[in-house]
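One structure is given below, encoded as structure tokens.
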Amino acid sequence: MSATIDYLLHLADNAVVLGQRDAEWCGHGPILEEDLALANVSLDLIGQARLLYQRAAELKGDGTTEDKLAYFRDSQEFRNYTLLELPHHGALVGYAVADRDYATTIVRNFLYSALMVHVWDALQTSADSTLAGIAAKSLKEATYHLHHSRDWLVRMGDGTDESHTRAQAAVNHLLPYTEEFWTVSPAETAAVEAGVGVDVRTLRAAWDALVNDALAEATLTRPQVRGYVPQGKVGLHSEHLGFLLAEMQSLARAHPDGCW
Amino acid sequence: MYTQSFNVPDQAGQKTVAVTPSTEDAELMARFDARIDADGRIEPQDWMPEAYRKTLVRQISQHAHSEIVGMLPEGNWISRAPSLKRKAILIAKVQDEGGHGLYLYSAAETLGTSRDQLLEGLHSGKAKYSSIFNYPTLNWADVGAIGWLVDGAAIMNQIPLCRCSYGPYSRAMVRVCKEESFHQRQGYEALLVMMKGTQAQREMVQDAVNRLWWKCLAMFGPPDADSPNSAQGMRWGIKRISNDDLRQKFVDATVPQAKVLGITLPDPDLKWNEERQHYDYGQIDWQEFWDTVEGNGPCNKERLATRVKAHNDGQWVRDAAQAYARKQQERAMKEAA
Ligand SMILES: [Fe+2]
Ligand SMILES: [Fe+2]
Ligand SMILES: [Fe+2]
């Protein structure tokens, strides 16, 4: 049971954190159509997070709710991939300020959705039938997110000199964070053993194929990756998650007895 | 959402272009007038007087700009929405407003002005947008109060436009009004829930209404006596109901809703007039309204600069899409050759 809950929280935290990030473009997109598209992606992710938190709350059975899980856990309790909490710009410390860069947004959405189309596909046969149902719905959404981000990745890579440079910089910045996909956390191992989760390592070849194919079409190169492997999914995050959660959780925590 | 009166000139002092039938073909003009008099629709391919076209472009683009700028005050609370459900509702609402901007830019484009030209008008400060969006959103209840009052006022303004004489605009309005009514109910519901919560939550709702109420009344535009463009708009079927009549309708509809909600509308002169069968209300501060319309409200500079920055920062993305499309076309042509 607790293996399932921990695994659900990993999936839910991924969705809520990226949903929060992608919503930051609302009102600031490079063209109105992209404001709407990113809002769609964000809505899908927040919808996924709600269903996953609801299922986790139900299994916990201690009166917790989707909002208690999203708003009243601290950053070290969050189990999302570090990739998803990064701001929409290149490598800078947590309290540095920089402009949002659409290439960073697109590359991140691409790298993540290229994984999630396979994860959700596999989870359609999860032993937890609620999760299997969420996976079927989320697969459709992730497929759209993949198309959207891949189309833009190709446009940027094979667009102008500037867009190519920006897209390549974003790939170089973000690709190392994807190494976290292939490590195993205790929560994942337990969930796989219970037949609830998927062993993400078995999806690596399929992910590689999607990524290599898109990068080639975008005339971008895949950098060598070595060194530190991020560990967000075991609660060891970057400096950025604290700021993201401070903002996201501030109002709910200021009024813990409020009803919304 | 939208809007304030559509008869605010884009540039202070600039009057609407007068109709000059002498220069237009009299027969076409007569046919146009007959269609308007019969409450028919003018379509993009139809002949229309230049002044009608210009007035419509100005009105539709002011409306479109209002939708886009209007994304910012509510967008201010997306990252801090206090529950995941409210976050999703708010994102979807702000997204709807962006969608309204898109239909309206498309409607304006049918009159021969491109989206780029319209945006240039906004970014250079020449084109106006609803002044309600030049006020800050200071607490979470502003989100609900905007839905209830601002979308509510917009609906009052826009329902008559569903019958406006220009076909593409009237059709866009039908779709937009459906969504605005949904926003209005959703905003009101959010406030009802907050009023059942803690004392601090009830105070947030009252504070939001206190700040928004008078600005919403001003959204209907200057009093009829000071609205020189209204008569022409009425004649053309672009404006159907006068500013003061719409404002009165809004007040009459809102007072009972405020009672149910349990808040006080911040106007000591607000009371039922048995003789008129309407609510009387106090004096609107028109000086403040005009200051804000002219660019000197609390948030005008931030709102506009934010739109300009998004547009400029996005230039390389739009350029990339165009360059890629061109390359694809060239590749397709080479293949065909
Ligand atoms: Fe709207
Ligand atoms: Fe609206
Ligand atoms: Fe509107």
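Chain identifiers are assigned alphabetically (A, B, ...) following the order of the sequence lines, protein sequences preceding nucleic acid strands; residue numbering begins at 1 within each chain. All heavy atoms count here, side chains included; hydrogens, waters and symmetry mates do not.
Side-chain contact between B:Trp316 and A:Met156 is present, with heavy atoms from C-beta onward closer than 4.5 Å. Using a 4.5 Å heavy-atom threshold, the side chains of B:Arg80 and A:Met248 count as separate. Under the 4.5 Å side-chain criterion, counting only non-hydrogen atoms from C-beta, A:Trp260 is in contact with B:Met194. Using a 4.5 Å heavy-atom threshold, the side chains of B:Arg115 and A:Leu32 count as touching. Looking at A:Cys259 and B:Gln201, their side chains come closer than 4.5 Å, going by heavy atoms from C-beta outward. Contact annotation: the side chain of B:Leu72 approaches that of A:His28 to within less than 4.5 Å [non-hydrogen atoms, C-beta and beyond]. A heavy-atom distance below 4.5 Å is not found between the side chains of B:Tyr324 and A:Thr160.
Annotation: maximal heavy-atom pairing with chain A below 4.5 Å, among B:Arg326, B:Gln315, B:His311, B:Arg331, occurs at B:Arg331. Note on B:Val69, B:Leu84, B:Asp96, B:Val317: by heavy-atom pairs under 4.5 Å with chain A, the leading option is B:Leu84. Contact tally against chain B (heavy-atom pairs below 4.5 Å) for A:Glu34, A:Glu66, A:Arg155: the top residue is A:Arg155. Among A:Asp35, A:Val16, A:Asn40, A:Ile106, the residue making the largest number of heavy-atom pairs under 4.5 Å with chain B is A:Asn40.
Contacts between A:Tyr102 and chain B at a heavy-atom distance below 4.5 Å involve backbone atoms as well as side-chain atoms. Interface remark: B:Arg307 contributes side-chain atoms only to the contact with chain A (heavy atom separation under 4.5 Å). At a 4.5 Å heavy-atom cutoff, B:Met195 makes no contact with chain A through either its backbone or its side chain. With a threshold of 4.5 angstrom between heavy atoms, B:Ala92 approaches chain A through its backbone and through its side chain. Heavy-atom distances place no part of A:Ala167 under 4.5 Å from chain B, backbone and side chain included. Of the atoms belonging to B:Leu119, not a single heavy atom falls under 4.5 Å from chain A. When heavy atoms are compared at a cutoff of 4.5 Å, B:Lys85 approaches chain A by way of both its backbone and its side chain. Only the side chain of A:Gln20 comes within contact range of chain B, with heavy atoms under 4.5 Å apart. Within the 4.5 angstrom heavy-atom criterion, only side-chain atoms of B:Thr198, from C-beta onward, approach chain A. With a 4.5 angstrom heavy-atom cutoff, A:Trp25 does not touch chain B via any of its atoms. For chain B, the nearby part of A:Arg166 is the side chain; its heavy atoms alone come within less than 4.5 Å.
Across B:Gly314 and A:Pro30, no two heavy atoms sit closer than the pair CA-CB, 3.5 Å. The two residues A:Leu43 and B:Ala88 come nearest to each other via the heavy atoms CD2-O, 3.2 Å. Annotation for A:Gly27 and B:Ala310: closest pair O-CB, 4.4 Å, computed over non-hydrogen atoms. Nearest approach of A:Ala252 to B:Pro82, heavy atoms of both residues: CB-O, 3.6 Å.
One finds the CD1 atom of A:Ile46 at 11.5 Å from the CD1 atom of B:Ile89 (value rounded to the nearest 0.5 Å). To the nearest 0.5 Å, atom CD of residue B:Glu97 and atom SG of residue A:Cys26 are 10.0 Å apart. With values rounded to the nearest 0.5 angstrom, B:Ser79 atom OG is found 12.0 Å from A:Gln249 atom CD. Here CD1 of A:Ile31 is found 8.5 Å from CG of B:Leu102. Values are rounded to the nearest 0.5 Å.
In this structure a side-chain-to-backbone donor-acceptor pair under 3.5 Å is present from B:Gln95 to A:Leu36.
Within a 6.0 Å radius of CZ in B:Arg175, other residues, nucleotides and ligands contribute 12 heavy atoms or fewer. The 12-atom threshold is exceeded at CG of A:Asp62, counting heavy atoms of other residues, nucleotides or ligands nearer than 6.0 Å. Counting non-hydrogen atoms of other residues, nucleotides and ligands closer than 6.0 Å to OH of A:Tyr144 gives a total above 12. By the 6.0 Å contact criterion, CD on B:Gln199 is enclosed, its count of non-hydrogen atoms from other residues, nucleotides or ligands being greater than 12. Residue-environment remark: NZ (A:Lys137) exceeds the threshold of 12 foreign heavy atoms within 6.0 Å.
Between A:Arg100 and B:Asp313 there is no salt bridge, since no side-chain N of the basic residue sits under 4.0 Å from a carboxylate O of the acidic one. Using a 4.0 Å cut-off between charged side-chain N and carboxylate O, B:Lys87 and A:Asp67 make no salt bridge.
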Show your reasoning for whether side chain to side chain contact (heavy atoms under 4.5 Å, CB included) applies to A:Asp158 and B:Lys327.
-> CA-CA 8 Å; A:Asp158 193 18; B:Lys327 287 184 195 177; 3.2 Å; yes
